[in-house]
Asker: 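Have a look at this one before I ask anything.
Indexing begins at 1, ligand by ligand and atom by atom, following the structure's order. Along the sequence shown, the residues carry numbers beginning at 1.
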Amino acid sequence: THSYTKYNSWPRVQSWIDAISTSNSQLISKQSIGSTYEGRPMTLLKLGKKSSTTKPAIFLDCGIHAREWISPAFCQWFVKEALSTYGSDSQMTSLLDQMDVYVLPVFNIDGYDYTHKSNRMWRKTRSRNSGTSCLGTDPNRNWNAGWCTTGASKNPCSDTYCGSRFESEIEVKNVADFIRRNKSNIKAYLTIHSYSQLVLFPYSYTYQLAAHHSELLKVAQGAASALRSLYGTRYTSGPGAATIYPAAGGSDDWAYDLGVKYSFTFELRDTGRYGFLLPESQIKPTCMETMLAVKYIAAYVQKNL
Ligand SMILES: Nc1ncc(C[C@H](C[SeH])C(=O)O)cc1Cl
Ligand SMILES: [Zn+2]
Ligand SMILES: [Zn+2]
Ligand SMILES: [Zn+2]
């Protein structure tokens with residue numbers, strides 16, 4: 001059965017999505033945004049007090065990289081926390097009254113399932129590449145944001161293969177289409193990765209500072225200190241290129257250039273001791289401290305609507 005303190009298999013996550021999305025019709029609903037390459041359903045959860053008018057929204061995705069298992073664990077935790085603290089936690093209540101939060105629990109479902117069944121260290125999608133037996137494209141190099149200019153490979157066998165063209169991956173296209181369709185009300189984009197303990201923001205595709213660099217840095221640093229307040233876990237904040245590495249085709253850069261000003265990539269625990277193989281014993285503390293960071297950003301976005 002499903003557990004918020006275990007790395008759930010895809011079938012368990014899928015049945016959790018179906019159950020949680022029908023658990024509280026006033027606060028949560030689900031909608032399909034398409035299918036993956038291997039035909040699995042991409043289901044977006046919509047959290048927020050039901051309203052006949054369109055509310056400003058935050059978009060949160062997890063599991064774009066298959067092996068980063070703590071990421072989908074966080075999105076499941078976030079949904080559970082939101083529903084269980086609405087009405088008691090004043091900040092969460094205010095957030096869901098005033099805004100909608102779209103949550104994509106597992107972006108790269110095919111890859112996630114593959115890490116459970118075959119290769120725990122798989123990162124990419126599972127699509128076929130022509131002219132080679134090497135499978136998959138790096139979904140975080142496949143967005144139309146300086147596509148394939150730096151920090152990505154044109155070799156289909158590489159873990160950072162950028163794809164035959166931007167949005168070649170149906171999973172990326174499905175999400176990009178949804179965000180484009182809703183860009184007028186999407187005020188923030190958060191994408192969750194592991195590991196390294198970082199709060200990143202645009203740009204990764206260039207060392208040029210973003211127009212809103214100083215504001216984004218302030219918000220990222222505020223989020224990192226909120227996170228640190230729980231267990232003292234230290235995160236570093238900064239623009240992607242200088243803080244982790246220059247790399248093009250990422251979702252945060254794409255969302256920012258589309259006009260979603262508050263665009264952040266989280267790299268969760270740890271800093272390399274376990275890396276992608278973070279023990280299940282760390283799911284709860286990691287999710288609890290990350291909730292503080294995400295709520296900090298959400299509150300900042302709310303104040304600046
Ligand atoms: N725009 C971006 N933002 C963050 C990153 C770092 C993640 C870390 Se797993 C990646 O390599 O895809 C990479 C890019 Cl291209
Ligand atoms: Zn498993
Ligand atoms: Zn990643
Ligand atoms: Zn990472």
Asker: Can a side-chain donor-acceptor contact be found between Q282 and D270 if the only test is distance below 3.5 angstrom?
Answerer: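 Checked: D270/Q282 side chains show no N/O donor-acceptor pair below 3.5 Å.
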Asker: Which of the N/O/S atoms in H65 sits closest to the Zn ion (ligand 3)?
Answerer: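 Atom name returned: ND1.
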Asker: Name the closest protein heavy atom to atom 13 (C) of ligand 1, giving the residue it belongs to and the distance to 0.1 Å.
Answerer: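 Ranked first by proximity to atom 13 (C) of ligand 1 is N140 ND2, 3.5 Å.
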Asker: Short list, please: which atoms of ligand 1 are under 4.0 Å from a heavy atom of A247?
Answerer: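 Going through ligand 1 atom by atom, the ones under 4.0 Å from A247 are 15 (Cl).
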Asker: Can you confirm whether the side chains of T191 and D61 place a donor and an acceptor under 3.5 Å from each other?
Answerer: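 Yes, because at least one side-chain N or O of T191 sits under 3.5 Å from a partner of the opposite role on D61.
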Asker: Under 6.0 Å between ring centres: does that hold for F107 and H65?
Answerer: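 Ring centres of H65 and F107 not closer than 6.0 Å.
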Asker: Determine whether the aromatic ring centres of residues F276 and Y195 are separated by less than 6.0 angstrom.
Answerer: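 Yes, close enough.
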Asker: State if Y245 counts as touching ligand 1 under the rule of any non-hydrogen atom under 4.0 Å.
Answerer: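 So Y245 counts as touching ligand 1.
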Asker: May I ask which of R141, R67, E68, E267 has a heavy atom nearer to atom 10 (C) of ligand 1 than the others do?
Answerer: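 Among R141, R67, E68, E267, the closest heavy atom to atom 10 (C) of ligand 1 belongs to R141.
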Asker: Closer than 4.0 Å to some heavy atom of G250 - which atoms of ligand 1 meet that?
Answerer: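 That gives atoms 1 (N), 15 (Cl) of ligand 1.
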Asker: Quick check: R123 and ligand 1, any N/O pair under 3.5 Å apart?
Answerer: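 Among all N and O atoms of R123, at least one is under 3.5 Å from an N or O of ligand 1.
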Asker: For ligand 1, find out whether one of its N or O atoms is nearer than 3.5 Å to an N or O atom of S251.
Answerer: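 In this structure, S251 places no N or O atom under 3.5 Å from an N or O of ligand 1.
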Asker: Kindly say whether the aromatic ring centers of Y256 and F201 come within a distance under 6.0 Å.
Answerer: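 Between F201 and Y256, which both carry aromatic rings, the centre distance is not below 6.0 Å.
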Asker: Quick check: does S196 put an N/O/S atom under 2.8 Å from the Zn ion (ligand 4)?
Answerer: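 Looking at S196, which is the residue asked about, there is no N, O or S atom under 2.8 Å from the Zn ion (ligand 4).
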Asker: Tell me whether V199 shares a hydrophobic cluster with I244, the cluster being built from Ile, Leu, Val, Met, Phe, Trp, Tyr side chains joined at under 4.5 Å.
Answerer: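 In one cluster with V199: I244, no.
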Asker: Taking N, O or S atoms only and a limit of 2.8 Å, check whether E68 reaches the Zn ion (ligand 3).
Answerer: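 For E68, the answer is yes, given that an N, O or S atom comes within less than 2.8 Å of the Zn ion (ligand 3).
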Asker: Please confirm whether D252 comes within less than 3.5 Å of ligand 1 when only nitrogen or oxygen atoms on both sides are compared.
Answerer: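 By distance alone, the answer is yes.
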Asker: Following the transitive rule for hydrophobic clusters with a side-chain heavy-atom cut-off under 4.5 Å over Ile, Leu, Val, Met, Phe, Trp and Tyr, establish whether F166 and Y205 coincide in one cluster.
Answerer: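 Looking at the clustering, Y205 is in a separate group from F166.
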Asker: Name whichever N, O or S atom of H193 ends up nearest to the Zn ion (ligand 3).
Answerer: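 Looking at H193, the N, O or S atom with the least distance to the Zn ion (ligand 3) is ND1.
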Asker: Could you check W69 against I283 for side-chain contact (heavy atoms from CB on, under 4.5 Å), going step by step and ending with a plain yes or no?
Answerer: CA-CA 10 Å; W69 283 9; I283 294 175; over 6 Å; no
